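This is a predicted model, so every value here is computed, not measured. Order of the sequence lines fixes the chain letters, A, B, ..., with proteins taken first and strands second; residue numbering starts at 1 for each chain. Both backbone and side-chain heavy atoms feed into the values below; hydrogens, waters and symmetry mates do not.
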There are 2 protein chains.
Amino acid sequence: MTIQSHTKSTSRSLPIALLRARETVMAPIRDMLQGIQLTEQKWRILRVLDELGEVEQSTIANEACLLLPSLTRILRTMEAEGQITRRQDSRDKRRTMVKITEEGRRILKENLETSLAISNNIEAQMGREKLDHLLDLLEELQAVKV
Amino acid sequence: MTIQSHTKSTSRSLPIALLRARETVMAPIRDMLQGIQLTEQKWRILRVLDELGEVEQSTIANEACLLLPSLTRILRTMEAEGQITRRQDSRDKRRTMVKITEEGRRILKENLETSLAISNNIEAQMGREKLDHLLDLLEELQAVKV
DNA sequence: GCAATTTAGTAAACATGTTAATGATTAAAG
DNA sequence: CTTTAATCATTAACATGTTTACTAAATTGC
C-alpha cells in the first residue's frame with residue numbers, strides 16, 4: 001500500500017512510464033556510444049541525416065527531438081569533427097542545409113552490428129509481435145492532439 | 001523513399017519512438033508546470049515522494065529516473081523552497097532520508113485537476129483500452145534485461 | 001512597393017544530464 | 001579485528017535542455 005492520497009501511481013503515469021522504458025532501452029546503447037566518443041544526441045542526428053539526406057536544421061530538430069539552440073551547439077562540434085557539413089541555402093538564406101559526411105556514415109556503419117544486436121536482444125525477450133504493437137501504439141500516441 | 005542504406009527507420013526505432021511519444025505527452029504538462037515555477041524533474045520528485053513517503057535519495061533517483069548528481073542539486077533548491085525536508089539516517093550515516101512537506105503536497109494538490117484533465121484528454125483520443133495496453137507493454141519493456 | 005508579421009537560426013543564462021573523482025561510512029573477506 | 005571492497009552522496013567539469021531575446025531573411029497584407 002502506498003501513502004499517496006490523490007495522484008495516480010507513477011508506474012501508470014504515461015510520462016514516467018515512457019521515461020523508465022526509455023532508460024532501459026538506452027542503457028546498452030549508451031554503453032556502445034561511450035566506446036566511440038559519441039553522445040546519444042549526435043547518434044540520433046546521424047541516424048536522421050542518414051535517413052533524410054540533406055535537410056535544414058529545423059527538420060533535424062523535429063525528427064531527432066532536439067531544440068534548435070541545442071542543435072546549433074551540437075552541429076558546431078559535429079562539423080568540426082567532420083561528421084556533417086553545413087551550407088547556406090541559396091534560395092532561402094535563412095536556412096542552413098545539413099548533410100552527413102562519409103566519416104559520419106562510416107561511424108554509423110561501424111556500429112550498425114552492435115546496434116542491431118541490442119534491438120535483437122530486446123526483440124528476443126519481448127517478442128516481435130508485442131514490439132510491433134508497442135511501436136504502433138507509440139506512433140498513435142505521437143499523433144494525439146494535445 | 002529514403003536515402004539510408006542500412007539502419008532501421010527512426011520511426012520504428014524504439015528509443016526514438018519512445019522519445020517522440022514522450023515529447024507529445026509532456027507538451028501540455030510543461031505548459032502547466034511553467035505556470036507554477038516547477039520543472040518537470042521537480043514535479044516527478046514530488047510525485048515519487050508522495051507515493052513512497054520518506055525514502056533515501058538513491059530510491060528517488062531510481063523511481064524518478066534521475067542521476068544522483070542531478071538529484072543532489074535539485075533537492076538543494078527544493079529544500080530551500082520548502083517543498084521537501086532532508087535528514088541524515090541515524091542507523092546508516094551514509095543515507096539521507098527525504099520527505100515531502102505540506103507545501104509540497106499543496107503544490108501537488110493544486111495541480112491535480114489540470115494533471116488529470118491532461119491524461120483524460122489523451123485517454124479520450126486513444127481510448128482507455130489502448131492506453132492500458134500501452135502501459136502494460138511499457139512495464140514489460142522496463143523489465144527486460146539488457 | 002512597403003510596413004507588419006512570420007520564420008530560421010543564433011546567443012545568453014541558468015537548470016539538468018553525464019561522467020569521473022572523492023569523502024565518508026558500512027559491509028565483507030581474511 | 002583489520003584490511004579490502006562496496007555503497008551513498010557530493011563535487012567538479014563539460015554537454016545538453018530550456019526559455020527568452022535577438023538578428024536576418026522571407027512572407028503577408030495592404
Expressed in angstrom and rounded to an integer, what is the separation of [X] atom [atom1] from [N] atom [atom2]?
X       : N      : atom1 : atom2 : value
A/Leu68 : C/dA12 : CG    : P     : 17 Å
B/Asp89 : C/dA27 : CG    : P     : 11 Å
B/Gln88 : D/dT7  : CD    : P     : 20 Å
A/Arg76 : D/dT16 : CZ    : P     : 11 Å
A/Ile74 : C/dG17 : CD1   : C1'   : 12 Å
B/Asn62 : D/dC8  : CG    : C1'   : 12 Å
B/Met97 : D/dA9  : CE    : P     : 9 Å
B/Met26 : D/dG17 : CE    : C1'   : 13 Å

Counting only side-chain N and O atoms of [X], is one of them less than 4.0 Å from OP1 or OP2 of [N]?
X       : N      : result
B/Arg30 : D/dT18 : yes
B/Ser58 : D/dA9  : yes
B/Thr77 : C/dA15 : no
B/Ser70 : C/dT16 : no
B/Arg86 : D/dT10 : yes
B/Gln34 : D/dT18 : no
A/Gln57 : C/dT10 : yes

Original post:
Hey, does the side-chain of A/Arg73 have a donor or acceptor N/O within less than 3.5 Å of a partner on the base of D/dG17?
Top reply: yes

Picking from [options], which would you name as closest to the side chain of [X]?
X       : options                : answer
A/Pro69 : D/dT16, D/dC8, C/dA12  : C/dA12
A/Arg95 : D/dA26, C/dG9, C/dT26  : C/dG9
A/Thr96 : D/dA9, C/dG9, C/dG17   : C/dG9
B/Arg94 : C/dG17, C/dA24, D/dT18 : C/dA24

Subject >> B/Glu54 and its salt bridge (charged side-chain N to carboxylate O under 4.0 Å, His left out) partner, picked from B/Arg87, B/Arg86, B/Arg95 >> reply: B/Arg87

Subject >> Qualifying residue for side chain to side chain contact (heavy atoms under 4.5 Å, CB included) with A/Ile100, from A/Ile107, A/Leu108, A/Val48, A/Ile45 >> reply: A/Leu108

Original post:
Considering the options B/Val25, B/Ile29, B/Asp31, which one meets the side chain to side chain contact (heavy atoms under 4.5 Å, CB included) requirement together with B/Ile118?
Top reply: B/Ile29

Original post:
Looking only at heavy atoms, which two atoms of A/Glu63 and B/Ile16 are closest? And how far apart?
Top reply: O-CG2, 4.2 Å

Subject >> Heavy-atom side-chain contact between A/Thr24 and A/Ile122 under 4.5 Å >> reply: no

Subject >> Atom pair CG (B/Leu18) and CG (A/Leu135), whose distance is rounded to the nearest 0.5 Å >> reply: 8.0 Å

**OP:** For A/Leu71, answer base if it contacts any base atom (sugar-phosphate contacts may also be present), sugar-phosphate if it contacts only those atoms, and nothing otherwise; contact means non-hydrogen atoms under 4.0 Å.
**Re:** nothing

